[in-house]
Amino acid sequence: MSILDNLNPEQQEAVQCTEGPLLILAGAGSGKTRVLTHRIAHLIFEKKVYPGNILAITFTNKAAQEMRERLEKLVGIASQHLWVATFHSTCLRILRSEIKELGYTSNFVIYDDSDQQTLIKMILKEKNLDDKKYAPRTISNRISNYKNELKTPDAAQKEPDNNYFDDQIINIYDEYQKRLKNNNALDFDDLIMLTVLLFKEKPDILQKYQERFKYILVDEYQDTNTAQYMLIKLLAQKHKNLCVVGDDDQSIYQWRGADIKNILSFEEDYEETKIIKLEQNYRSTQNILSAANEVVKNNSRRKPKSLWTEKEGGDKIFYYTAQDEVDEAFFIVRTIRQILDREQKEYKDFAVLCRTTGQFRAIEESLIRSNIPYRVFGGTKFYDRKEIKDILAYFKIIANPLDEVSLKRVINTPKRGIGDTSWDKLVNYGALNGKTIYDVMAEPEEAGIATKTAKSIKGFKKLIDNFRELSKSDITFLTNKILEDTGYLQELQLEKTVEAETRLENLQEFLTVTKKYDIESQGDDLSTFLSEISLVTDIDNYDADEDAMVIMTMHGAKGLEFPIVFVTGMEENLFPHSRSINSNDPEEIDEERRLCYVALTRAEEKVYLTRAWKRTIYGRDAYNSPSRFIEEIPDKYLESSQARTREEKSSFYGKALNSPTPGSVETFSLGDKVEHNKWGEGVVVSVKGSGDDAEVSVAFPDQGIKKLISRYAPIKKV
DNA sequence: AAAACGCCGGTTTTT
DNA sequence: CCGGCGTTTT
């Protein structure tokens, strides 16, 4: 049994061609992960390369994780020495040990998007700049662009055609960067940019890593930005054993700085590049593949390719025009039900893909009503929730007292009488006397703060110092300690509102994360925990084994596959998005088109395209014409239908919804024991309203308290 | 300092 | 239709 078994000739060649630069153009579903993993196995077993000399880089943790799992099966114990990671975590790891060279300390924290916004707002306020004119969002985007292009504030300043506005932006960027450094904090883009700068400034450090990574593999190369490109280039310079895999048709992150030129001109960049094309698709039927090809064919500037599959024919793509987004959602429910009745399928075989996260709600609502299990990826992220961010901010200042953004966040959360005025005094006094805010907190009177508030501040500082003493203990223990000692928990418990309940549930959820971490990590410090969390996105937690259907954005779906895929919102202004339509750069429409290609090629067996005749956006009704991408699919691959008339529709829904007939709904009262068909036995802890509209809160032993509407809830008294 | 109110503005995709 | 933000009130 050889590593080359079960690989087609092109794949075999890609696996065996180990020396020198190699560009693998891998079409959708052509088995690129398979090639990458087998190539690594080949390097280890046939070429006798030490696993520690191999670096494999992906974009998402999900991809890295999958690759690690497959490698474990393929090469066993040797996989432990492999370095398989995302760009960001690779750089994080390098910086944790090397960042002293750049004047930061290794306990730096990572600022996420909202931390960045906060810091930018702070700066605008200090500079007395109008945040209407200088929208924080715009500024952070601009800064991000600079960083993705490896432009420091100094370099940006030197650009020839900067106008006044640009100059202002660059001034803010400059201050922003100084503040990050003072706070001992890095934003996402810094992880990459600073690593590259470090390599450029310290050749000896670069050399160390060049020596280490004799073989480098990069997945999704079409999504690399300038900074990532340079990182790879520097690392590969010495041994030049660089293998990149990508598909220009799946480049969907140019808005985030990805430069498609990186893949289009790879062969000019690296001398004696070998190019291998993987054109056999193992995922989709011919029909789906052809339709996707017809769409993407309308783009210029493509590498020529012709994907083919052995799965001839297949179902046509079904195109449904719904009345509105509610009808669209019910079409999905109806269709899933039908298929589940007729075929051997499970919930997890279905995915609903949306252009924007705003479309999720209507779909979720109908799935809830219909009792279809689902999971949502993207949208409001777990770690973005207020209560989670609060507890993480506590962690951050414990790990790194210099972090003013987190300090500002929690110094008065929960309320302890330290308002904006006192905060400003602390900041100003510190700035004037060259002390950190945290230092000034030891003697707030010096900053002219009233005794009462001063006492409160000192109390808070003592609290944090106390937590810091405990920072070596379990994260779970520390979390509980913070929640209790700060009064955070109590405040929420006393509130007795729906929102507070949800927050408490989320904190409970967070504690399961910390417990898991405590078991898996051996004595890693708080900084490690924090940065691990900040690099994780919800999509990384996607569990393909759970029998629930999936709702996600088209972007989030890249790299995944499902038997049946709904691509929703096929309307002009939504998909392609109005922003790209209104842009004067035609490339933006092309990117939407590639996104359409990605969405279609997620499907193995069947695609449903849906569009809504009328869609409510921000309370206003929008009537959008069908997406141009629909027109680009030839009729022979399509069959279509429209929403029924109102009368038909309501009677149909009546059946489809299988809503309980009036009178069948039980009345629940406090203390009733009930049985839920998924969560088991529980006790009613509160009832709001009456009849089938009643909102019943039930405490389940393992699930915590769940709110249920009796009309829809699958519960009965026991 | 904190809560309560009312206004404007804005909405793509994410490591 | 939300949420964030500034203004007013307690």
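Reckoned from all heavy atoms, side chains included, excluding hydrogens, waters and symmetry mates. Just so we're on the same page: letters track the sequence lines, and every chain starts at 1.
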| request: Once you apply the 3.5 Å cut-off to both distances, tell me the Watson-Crick or G-U wobble partner of B:dC8, or none. | output: C:dG3

Is [X] touching bases, backbone alone, or none of the nucleic acid, heavy atoms closer than 4.0 Å?
| X | value |
| --- | --- |
| A:D113 | nothing |
| A:G358 | nothing |
| A:F59 | sugar-phosphate |
| A:S422 | sugar-phosphate |

For atom [atom1] of [X] and atom [atom2] of [N], their distance in whole Å:
| X | N | atom1 | atom2 | result |
| --- | --- | --- | --- | --- |
| A:K125 | C:dC5 | NZ | P | 11 Å |
| A:N225 | B:dT13 | CG | P | 20 Å |
| A:R137 | C:dG3 | CZ | C1' | 15 Å |
| A:K389 | C:dG4 | NZ | P | 12 Å |
| A:I589 | B:dT12 | CD1 | P | 15 Å |
| A:Q117 | C:dG4 | CD | P | 12 Å |
| A:D384 | B:dT14 | CG | C1' | 11 Å |
| A:N573 | B:dG10 | CG | P | 18 Å |

Decide yes or no for [X] and [Y]: does some side-chain heavy atom of the first lie under 4.5 Å from some side-chain heavy atom of the second?
| X | Y | answer |
| --- | --- | --- |
| A:R179 | A:L119 | yes |
| A:L36 | A:V245 | yes |
| A:V109 | A:S406 | no |

| Does the base of B:dT12 carry an N or O that pairs as donor and acceptor with the side chain of A:H577 under 3.5 Å? | no

| Using the C1' atom in both, what is the distance from C:dC5 to B:dT12, to the nearest Å? | 24 Å

| query | If you measure from the C1' atom in C:dG4 to the same atom in B:dT13, how many Å do you get, rounded? | reply | 22 Å

Give the nucleotide from the list [options] with an atom nearest to the side chain of [X].
| X | options | result |
| --- | --- | --- |
| A:K121 | C:dC5, B:dT14, B:dT12 | C:dC5 |
| A:K415 | C:dG4, B:dT12, B:dA2 | B:dA2 |
| A:D131 | C:dG6, B:dT14, C:dC2 | C:dG6 |

Any side-chain N or O of [X] below 4.0 angstrom from OP1/OP2 of [N]?
| X | N | result |
| --- | --- | --- |
| A:T553 | B:dT14 | yes |
| A:T357 | B:dT12 | no |
| A:S580 | B:dT12 | no |
| A:R579 | B:dT12 | yes |
| A:K558 | B:dT13 | no |
| A:T421 | B:dA1 | yes |

| Row check, A:F108 ring normal vs A:R96 NZ/CZ: under 6.0 Å, within 45° | yes

| said: For A:W255, does the six-membered ring have the charged nitrogen or CZ of A:R579 within the cation-pi criterion, i.e. under 6.0 angstrom from the centroid and within 45° of the normal? | reply: no

| So, A:Y221 versus A:Y229, ring centres under 6.0 angstrom or not? | no

| query | With nearest nucleotides of DNA chain B determined for A:T58 and A:T356 from heavy-atom distances, which residue corresponds to the more 5′ nucleotide? | reply | A:T356

| query | Can you check whether A:W255 stacks with the B:dT12 base, using ring centres under 5.5 Å and planes within 30°? | reply | no

| message | Quiz question: by atom type and distance under 3.5 Å, do the side chains of A:D403 and A:Y111 form a donor-acceptor pair? | response | yes

